[in-house]
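First the structure, in the form of structure tokens, and then the observations on it.
So you know, we letter chains A, B, ... as the sequences are listed, proteins then strands, and number each from 1.
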Number of protein chains: 4
Amino acid sequence: MNKKNKSTKQKEMSFIEKARRAQIVKCAIETIAEVGYAQASLGQIAKRANISKGVISYHFANKEELLEQIPIEYYLAWQAYITPRIEAQKSPKEKLQVYIEANLAFIDENRQHVFAVIETVSNKRTDDGKLQFAADHDEAILLPIESILTQGIQEGVFREFTKSSARVMALTIRSAIDGFTLELTRNPHLDVQEYTRELVTIFDKSTKK
Amino acid sequence: MNKKNKSTKQKEMSFIEKARRAQIVKCAIETIAEVGYAQASLGQIAKRANISKGVISYHFANKEELLEQIPIEYYLAWQAYITPRIEAQKSPKEKLQVYIEANLAFIDENRQHVFAVIETVSNKRTDDGKLQFAADHDEAILLPIESILTQGIQEGVFREFTKSSARVMALTIRSAIDGFTLELTRNPHLDVQEYTRELVTIFDKSTKK
Amino acid sequence: MNKKNKSTKQKEMSFIEKARRAQIVKCAIETIAEVGYAQASLGQIAKRANISKGVISYHFANKEELLEQIPIEYYLAWQAYITPRIEAQKSPKEKLQVYIEANLAFIDENRQHVFAVIETVSNKRTDDGKLQFAADHDEAILLPIESILTQGIQEGVFREFTKSSARVMALTIRSAIDGFTLELTRNPHLDVQEYTRELVTIFDKSTKK
Amino acid sequence: MNKKNKSTKQKEMSFIEKARRAQIVKCAIETIAEVGYAQASLGQIAKRANISKGVISYHFANKEELLEQIPIEYYLAWQAYITPRIEAQKSPKEKLQVYIEANLAFIDENRQHVFAVIETVSNKRTDDGKLQFAADHDEAILLPIESILTQGIQEGVFREFTKSSARVMALTIRSAIDGFTLELTRNPHLDVQEYTRELVTIFDKSTKK
DNA sequence: GATGAATGAGCATTCATTCAT
DNA sequence: GATGAATGAATGCTCATTCAT
């Protein structure tokens, strides 16, 4: 019901309505990035947006709906950035390299947003207390790696993988990218290019025959 | 002064006092693991421990002091588990293998605690809103990997690393382990042994000459 | 910064906002006067005002800011009452008489407020535990007496005073007025006019040549 | 019932018991004088006395009973100090002078205790919220002044007083002494002798024919 | 559409008091 | 006698949410 409502709503949304929501989400991202999830009250977000608290409630059913937009928007932007870059490559090896490069570049260019996503997602729980972890979303983010690996195995340029060892490989690549995010948080002046080069090397070596 | 007080206090603490504190910390870990950091109020923790809220305040100066124990205890247990296993190995290659194996086994055996540490640490902030991230602690956890890498480079069994590429390698190994934790959360029936074997393979390939 | 904020805020405050704050302060005064400082919790004050506890927090940053208004408002009302009455007199002797008369009348007409001020001020402490006692405020309240005394000495209608003996005189007059307040609390049906007459006599005798 | 209990108890009290109680009351006085009534929890008092909180509960039925001792002890000490000094004087004029001198000296020598009494008494309330103000105690403290005034009137050395104007006189003298206490709090280096001399002068002038 | 005002539940913390040892 | 441990009520405060204007 909820989902249906939302998609209905989105279709009915005026341009102005969309812009207002986008502005509020942007402020939510900034607020979470700067003061952290726990301190990011609607009051704080409203203050940053120079609007009244009520406006947020007007545009979003509740805080949850607002926070949900953060990973959603992130995923859309991420996909728009990553997909064409991978598709521009032919060989699985180059695709993997570009996947890593594009991800690190995207993270570097969207630090606040990435950070807000981490905070949001790691605090999101189902009603019974289980981490929701946007499982769908996480799987979606693994898909390109898995398809690259599959292609590379089929073409014989990668070493042999079972289905589950391919998954570990995919998860490890993904984890390495997330680890980069954390390191970037700890050390904002990190040499991103060098980090990228090293990750490419590591996963080139660990996937090749 | 605060720190000094604490260590003084610890020396003065009776056995019973220590046991009570340990019990409360254990309940805090369980609570955070089950309902998440945000919902883990002192009331919730007390309810789980079947004690009154006041008892927690009696044994801990404040919530912060209680939550601090979670990573502290974890790190001590982790060290006690990991260190002898690594030291039992001679070659850097075997050490790296054992480091990965031991970490995954330790995580598997301490799922709740690991999880509570992640939640606690990722919600801990300094007064100005910056993630504290227990930087010291994080670095401490990298030390064994870095020293294994150094040894392997010197002995010529690993490929060449610059100082900073060794750091990326260390961070990637660490991230892979953290990624395992997340995957374990998502999928509790994960085949840990296989995951371990794959990670060992990946990092064997990516470090060797 | 705090102070500046406050005055800025006050200028920005709408009429409704001011009225609401005034209403809450009024209820705080009544509550303190009736149940005493220690029992005057925000909950009690809210109950008396028939509003929710949150409303107070909405209009005042914290309890301290609310309680601060009590002496502030009192002092302003006191000044508005006393000053013109003194200025309407020419001779120091008459001024002193009117000062006493006006103060006792003002106290009589504002019993609850006076009482709340005493409670508030005598419970206000700096962070290091020292009584704050609104020293400025106390001194401000002595000023008119001191200036009357100075005038009377210069004009030769009062006996000779050194600087510090004039201060003792001023303090004693002030104390006598405060003593009247206490007596009024103990005995609400006190004959105020007679008390006034006696005080005027006492200080007429003790100041004249 | 309560009162009876208490007097029964006092008769049964061993010397050791009395000493323990006296020590605790002394610490309560110090604590109130230093941190104020509101912060003077049993925990604070116990800490200062280097005993456990439970000890206080053991020796006193409740906090109220402990705090009651503060004005009681004060009054006894005050009486023991004041009475012989007044009785050593013959003339009402000298008695009044000595009353003022002795009070100021006593306050000066027992600053903490005086202060604790003020705090205690001004926070003491009956169950219906009325200030208790130790009415008995306050009247008791006025008695010597009133009897001095009566004597002076009868002997014709003081000006004429009606019954109620004599009371105002007594209250004013008492208030002046209390005002001295406050001034001493604000300004601990006050010249007590000069202050005494001035008060004596003021009340000599205001009582004489 | 937008806002300020109000709500009430929930939070961490303090504290007088009780009690078994 | 004395203590440490435990209790639970109360407090000031925060905040997501609701609502009249």
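Here D:Ser41 lies in heavy-atom contact (under 4.0 Å) with sugar-phosphate atoms only.
Taking the side chain as every heavy atom from C-beta outward, D:Gln69 and D:Ile24 never approach each other to under 4.5 Å.
With respect to the salt-bridge test (charged N to carboxylate O, under 4.0 angstrom), the residues C:Arg21 and C:Glu73 do not qualify.
Of the side-chain N and O atoms in B:His59, one or more sit less than 4.0 angstrom from OP1 or OP2 of F:dA6. The phosphate of F:dG4 (OP1 or OP2) has no side-chain N or O of B:Arg20 nearer than 4.0 angstrom. Contact annotation: D:Tyr58 does not reach the phosphate of F:dG1 (side-chain N/O to OP1 or OP2, under 4.0 Å).
The interatomic distance linking B:Phe15 (CZ) with F:dG4 (C1') rounds to 16 Å, in whole Å. With rounding to whole Å, B:Ile51 atom CD1 is found 19 Å from F:dG4 atom P. Going from atom CZ of A:Arg21 over to atom C1' of E:dG1 covers 15 Å, rounded to whole Å. Atom CD1 in C:Ile16 sits about 12 Å away from atom C1' in F:dA20, given to the nearest Å.
Closest to the B:Leu42 side chain, of the nucleotides F:dC13, F:dT18, E:dT13, is E:dT13. Counting only heavy atoms from C-beta on, D:Ser52 has its side chain closest to F:dT3 among E:dT7, F:dT3, F:dA5. Distance from the side chain of C:Lys63 is smallest for F:dC13 among the nucleotides F:dT7, F:dC13, E:dA12.
Dense packing is recorded around NZ of D:Lys63, with more than 12 heavy atoms of other residues, nucleotides or ligands lying under 6.0 Å away.
One can find a donor-acceptor pair under 3.5 Å joining the base of E:dT13 and the side-chain atoms of B:Lys53.
Pair check for E:dA20 finds F:dT3; Watson-Crick or G-U wobble, both atom distances under 3.5 Å.
Both A:Asn50 and B:Ala38 sit near DNA chain E, but only A:Asn50 has its closest nucleotide nearer the 5' end.
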